[in-house]
Amino acid sequence: MKLLKDKIVKDGKVLSNQVLKVDSFLNHQIDPPLMQAVGEEFATRFKDAGITKILTIESSGIAPSMMAGLILGVPVIFARKRKSLTLVDHLYTASVHSFTKNETNDISVSKDFITAQDTVLLIDDFLANGQAVLGLLDIIEQAGAKLAGVGIVIEKGFQPGGALIRERGIRVESLANIASLENGQVTFIEEETS
Ligand code: 5GP
């Protein structure tokens with residue numbers, strides 16, 4: 001997605017060979033027109049997938065998910081992050097390890113909001129090692145819901161998450177896929193579509 005890639009080149013900050021900071025348009029300050037374009041792109045790519053719900057994870061997945069949900073006309077659910085959960089009766093829960101922050105959080109979603117009748121699109125801001133997406137997939141499995149696929153704003157294609165998810169036969173659509181952050185430079189893996 002050209003608009004997003006141009007924004008990453010212009011305003012993204014390469015913190016290291018592994019980490020890209022996008023605090024000025026996605027992770028702290030949010031750029032609404034860009035998020036609208038991102039939502040439209042997800043909606044276009046998944047329009048025939050029969051989606052009934054979008055599932056993401058707080059907080060940075062919420063903005064792109066909201067825009068996609070608005071266009072697809074479906075509710076958006078964000079998994080909540082907690083250090084550890086005690087009262088889990090009416091919740092689906094999964095553990096997510098963050099390599100970036102070196103901590104493990106439980107994520108949870110109320111059983112009220114995803115059921116076996118749902119077809120769910122997962123959306124997240126970044127795909128790196130794939131742990132956040134695996135946690136969300138675990139929750140969809142617990143609910144017995146159908147998975148439509150995974151929409152990612154920025155994939156870091158040089159990290160293992162994308163392969164881990166795709167090798168399960170899951171459709172992953174990344175709007176920008178980064179090949180490398182070496183030498184402070186962002187280079188992209190070219191897309192087949194748009
Ligand atoms: P994963 O579980 O795929 O390793 O990482 C997913 C989560 O880690 C994302 O939701 C995002 O919050 C965070 N993350 C991973 N890599 C980066 C990065 O390079 N930049 C930013 N801003 N967040 C990242």
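Cluster annotation: Ile62 is not connected to Leu121 through the hydrophobic network of ILVMFWY side chains, with a link wherever side-chain heavy atoms come within less than 4.5 Å. Using a 4.5 Å cut-off between side-chain heavy atoms of Ile, Leu, Val, Met, Phe, Trp and Tyr, with links allowed through other members, Val14 and Leu4 fall into the same hydrophobic cluster. There is a path of hydrophobic side-chain contacts, each under 4.5 Å, that joins Ile139 to Leu164. Phe126 is not connected to Val19 by any chain of hydrophobic side-chain contacts under 4.5 Å among Ile, Leu, Val, Met, Phe, Trp and Tyr, and they are in different clusters. Grouping the Ile, Leu, Val, Met, Phe, Trp and Tyr side chains by contacts below 4.5 angstrom, directly or via other members, places Ile54 with Ile30.
With hydrogens and angles disregarded, no donor-acceptor distance shorter than 3.5 Å links the side chain of Thr119 to the backbone of Thr52. No side-chain donor-acceptor contact under 3.5 Å links Asp6 to the backbone of Leu3. A distance-only check finds a donor-acceptor pair linking the side chain of Gln142 to the backbone of Thr93 [under 3.5 Å]. With Lys81 contributing its side chain and Glu58 its backbone, the two residues share a donor-acceptor pair below 3.5 Å. Without hydrogens or angle criteria, Ser98 side chain to Lys101 main chain gives a donor-acceptor distance under 3.5 Å. Under a 3.5 Å cut-off, the side chain of Ser174 and the backbone N or O of Ile152 do not form any donor-acceptor pair.
With rounding to the nearest 0.5 Å, the separation of CD1 in Ile8 from NZ in Lys5 is 9.0 Å. Expressed to the nearest 0.5 Å, how far CD of Glu41 lies from CD1 of Ile71 amounts to 10.5 Å. Once rounded to the nearest 0.5 Å, the distance linking NZ of Lys146 with CD of Gln117 reads 13.0 Å. Here the straight-line distance linking atom CZ of Phe78 with atom CD1 of Ile107 works out to 12.5 Å at 0.5 Å rounding. Here the CD atom belonging to Glu182 is positioned 10.5 Å from the OG atom belonging to Ser16, to the nearest 0.5 angstrom. The distance from the CD1 atom of Ile57 to the CD1 atom of Ile123 is 13.5 Å, given to the nearest 0.5 Å.
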Practice item. Determine, step by step, whether Val186 and Leu181 satisfy the side chain to side chain contact (heavy atoms under 4.5 Å, CB included) criterion, reporting the C-alpha distance in whole Å, the side-chain angles of both residues, the deciding distance to 0.1 Å, and the verdict. Key: CA-CA 5 Å; Val186 184; Leu181 293 173; 3.9 Å; yes
Exercise for review: Report the C-alpha separation of Leu26 and Met35 in whole Å, then their side-chain angles, then the decisive distance to 0.1 Å, and conclude whether the side chain to side chain contact (heavy atoms under 4.5 Å, CB included) test is met.
Suggested key: CA-CA 8 Å; Leu26 180 58; Met35 289 305 113; 3.7 Å; yes
Exercise for review: Take Asn27 and Lys21 through the test side chain to side chain contact (heavy atoms under 4.5 Å, CB included) and record every step on the way to the result.
Suggested key: CA-CA 8 Å; Asn27 287 154; Lys21 194 169 172 178; over 6 Å; no
Point to revise | side chain to side chain contact (heavy atoms under 4.5 Å, CB included) between Lys53 and Val74, intermediate numbers included | key: CA-CA 5 Å; Lys53 299 271 169 82; Val74 298; 5.7 Å; no
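Smallest separation of non-hydrogen atoms from Leu55 and Ala79: CD1-N, 4.2 Å. The minimum heavy-atom distance linking Gly130 with Leu127 is given by the pair CA-CD1, 3.7 Å. Taking both residues in full, the closest heavy atoms of Ala179 and Ile189 are given as CB-CG1, 3.5 Å, listed atom of the first, atom of the second, then distance. The two residues Ser24 and Asp11 have their closest heavy-atom pair at OG-CB, 3.6 Å. Contact detail for Pro64 and Val38: the closest heavy-atom pair is CB-CG1, 3.9 Å. Minimum interatomic distance between Arg168 and Leu137 (heavy atoms only, all atoms of both residues): NH1-CD1, 4.2 Å.
Residue Ile154 forms a side chain to side chain contact (heavy atoms under 4.5 Å, CB included) with just one option from Asp125, Leu175, Ile178, Asp124, and that option is Ile178. The salt bridge (charged side-chain N to carboxylate O under 4.0 Å, His left out) test with Glu173 is passed by exactly one of Lys47, Arg45, Arg166: Arg45.
Contact check for Phe188 versus Val9: side-chain heavy atoms found under the 4.5 Å cut-off. By the 4.5 Å heavy-atom criterion applied to side chains, Phe42 and Met67 are not counted as neighbours.
By the neighbour-count criterion of 12 heavy atoms within 6.0 Å, atom CG of Asp112 is densely surrounded, having more than that number from other residues, nucleotides or ligands. A 6.0 Å sphere centred on NE2 of His28 holds no more than 12 heavy atoms belonging to other residues, nucleotides or ligands.
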